[in-house]
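Just so we're clear, the structure is a prediction, and the values are computed from it rather than from any experiment. One is the number of the first residue; the rest follow in order along the sequence.
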Amino acid sequence: MKNTILSLVSILFLITVVIANSDSEEYLITDWSYQPNDFINIVYSSDLDNDGIREVIVGSRDGIIYNLGKKGKQSGHKNWETNVGGEIKALEVVDIDDDGKEEIIVGVDRTKKGMRILDYQGLDKGSTIEFKSRVYDLCVEDIDKDGKKEIVIGSANGKVYVIKWDIKQDKLIWEYTSKGPVHYVHATDLNGDGDIEIIAMSKWTEVDETKAEICILNKKGGLEWNYEIEDGIFPSADKTVDVTDLDNDGKKEIVIGTYKHGVDVLDCNGKLKWNFPTERLVNVIYTSDLDNDGNISILVGARPYFYVVDKDGRLEWKTPVNTTIFSIYTTDLNNDNRIEILIGATRYIHILDDNGNSIGTWSYKGEIRGLTKAYKIKDADARSIYSADVDNDQENELIVGFGWEEDRLDRNYYLGDIRVFKVNKEYEIPTTTIPKGIETTTTIVTTTKRVTTTTDMETEKESKAEGHSYPSYISFLIWILGLTLLIALGILYLVVSKRKDGVKKEKVTKGKKKTKNKEGVKRGNKTKRKRKTSRK
């Protein structure tokens, strides 16, 4: 009995440890990772040198551009790194001088040298224009249709700059002054007339913190129209504005995620087409044709829900996401000819299908040192997410840039992690459907993404205040159940052992008593015989 109980205890202990430490979210497998010294603001992938192999381009909070890739059999090899001297706010990869090699145009949170241009080797190609303000966003487009690309810049001083870059002498073509810092710029033919317009979003922080504005500028810098965003916009403004042709009429709409009243959609003339209300502020906006039917859907991250809204503002579905969403991307990740939705959030990566069903999740875990190897889900924010085939295996990988604040005794440290994931082909996708919400009232009145970012303290505070997702609770409950069983078996073992010891003691005591009685009888008989002999 003793050996049986000990065996059961050992087996249950091992099972408990395995359950407590195992990662049930096995859809994503880490292929390789790289750890820099600070937050990762941006991840992207492109074949910079046109050699047929894509590199992973990374921008960090401490101003370093990393070029990572595969060298021989080594994955995650650092090809080069370049310090651009300030926090990287925006990044565009484009062949700006038509030499067959791509350049990296970087928007830097630094005065004077707010824009940097690097070649495919990470060398500075220089810029002769110095800004008196930080650069918050940028884009590249041939605005005047002369065959050469211009750089459009949104700056902290409230100005929009259009620059004609030249290796010898850059030229400032024009500038426009808005009412506040410009956090978003995008150049496109908005109304289908053949001319390029510039869409700029400014936040009126110096006038009124609750106000923001969309300005539409023509190719010469003149104001076509503007639209005031009621109650303002979330601090990560570069991720809450998108421009796309929602209804396939050749004219584009502007999609805006607002601070208090959900999603606004404007037509190309600045008229509000419809509003979709959300329960809380909108963190991220992303547009995509999810089911390849030619109709664009709007993907909205507004904790505690992730919404998908159709072109007319009707709710297609929503699902609870219990952590702050930082980034969204869509792609066919597992080669099933269907689009998957990749969501980067605090502590988690969520993968959904085009109907909102959960395909898999991955949680960022930090190791806890102790008697047994254990892990705790870490408050790491998946700030940027992207997908591409970075190893030429004809399958897309998932690229994620993480950032978190680590509290130590001496001071706080900002740390980051770059991870490239592959899909686990042996993973069994859950058959359960994520609960979807009822349709929300709407007031009627191919996705190529630029890579931009904004650091905001409100998001960090919000992410720290939110609770853990369901998987961590389930693991904790299983661990508690296993521990309870161990304790119960331990108590049972002690009780059985005590009973056995008691039975043994009782047998020994009875044996001693019988021996004593026998010895007493023998002694009595001897005494009687002695008495009889003495009498004689």
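In this structure, the side chain of Asp336 engages the main chain of Arg338 through a donor-acceptor pair within 3.5 Å. At distances below 3.5 Å, at least one donor-acceptor pair connects side-chain atoms of Ser178 with backbone N or O atoms of Gly158. With hydrogens and angles disregarded, a donor-acceptor distance shorter than 3.5 Å links the side chain of Asn157 to the backbone of Lys159.
For Glu55, there are no salt bridge (charged side-chain N to carboxylate O under 4.0 Å, His left out) partners at least two apart in sequence or on another chain. Here Asn37 pairs with Asp62 under the side-chain contact (heavy atoms from CB on, under 4.5 Å) rule; sequence neighbours left out. In terms of the side-chain contact (heavy atoms from CB on, under 4.5 Å) criterion, residue partners of Asn337 (sequence neighbours excluded) are, by chain and number, Asp332. Annotation: side-chain contact (heavy atoms from CB on, under 4.5 Å) contacts of Val423 (sequence neighbours excluded): Tyr27, Leu333, Asn334. The side-chain contact (heavy atoms from CB on, under 4.5 Å) check on Asp417 picks up Ser33, Gln35, Tyr364, Phe402, Trp404, Arg419, with sequence neighbours excluded. Applying the side chain to side chain donor-acceptor pair (under 3.5 Å) rule to Asn83 yields no partners; only residues at least two apart in sequence or on another chain are considered.
Side-chain contact of Lys252 with Thr244: a donor-acceptor pair under 3.5 Å is absent, judged by distance alone. Residues Thr330 and Ser288 have side chains that bring a donor and an acceptor to within less than 3.5 angstrom of each other. Under the 3.5 Å distance criterion, with hydrogens and angles disregarded, a donor-acceptor pair is assigned to the side chains of Asn396 and Thr331. A donor-acceptor pair shorter than 3.5 Å can be found between the side chains of Asn41 and Glu87.
Between Val308 and Val300 the shortest side-chain heavy-atom distance does not fall below 4.5 Å. You'll find the side chain of Pro304 reaches within 4.5 Å of the side chain of Arg280, heavy atoms only. At a threshold of 4.5 Å between non-hydrogen side-chain atoms, the residues Ile359 and His350 do not count as touching. Side chains of Leu28 and Ile349 form a contact here, defined as non-hydrogen atoms less than 4.5 Å apart.
Contact check on Asp267 versus Lys271 returns no salt bridge, with no Lys/Arg side-chain nitrogen under 4.0 Å from an Asp/Glu carboxylate oxygen. Classification of Glu397 and Lys422 as a salt-bridged pair holds, one side-chain N sitting under 4.0 Å from a carboxylate O. Using a cut-off of 4.0 Å between Lys/Arg side-chain N and Asp/Glu carboxylate O, Arg116 and Glu103 are scored as not salt-bridged.
Residues Tyr161 and Tyr176 place their aromatic rings such that the two centres sit no closer than 6.0 Å.
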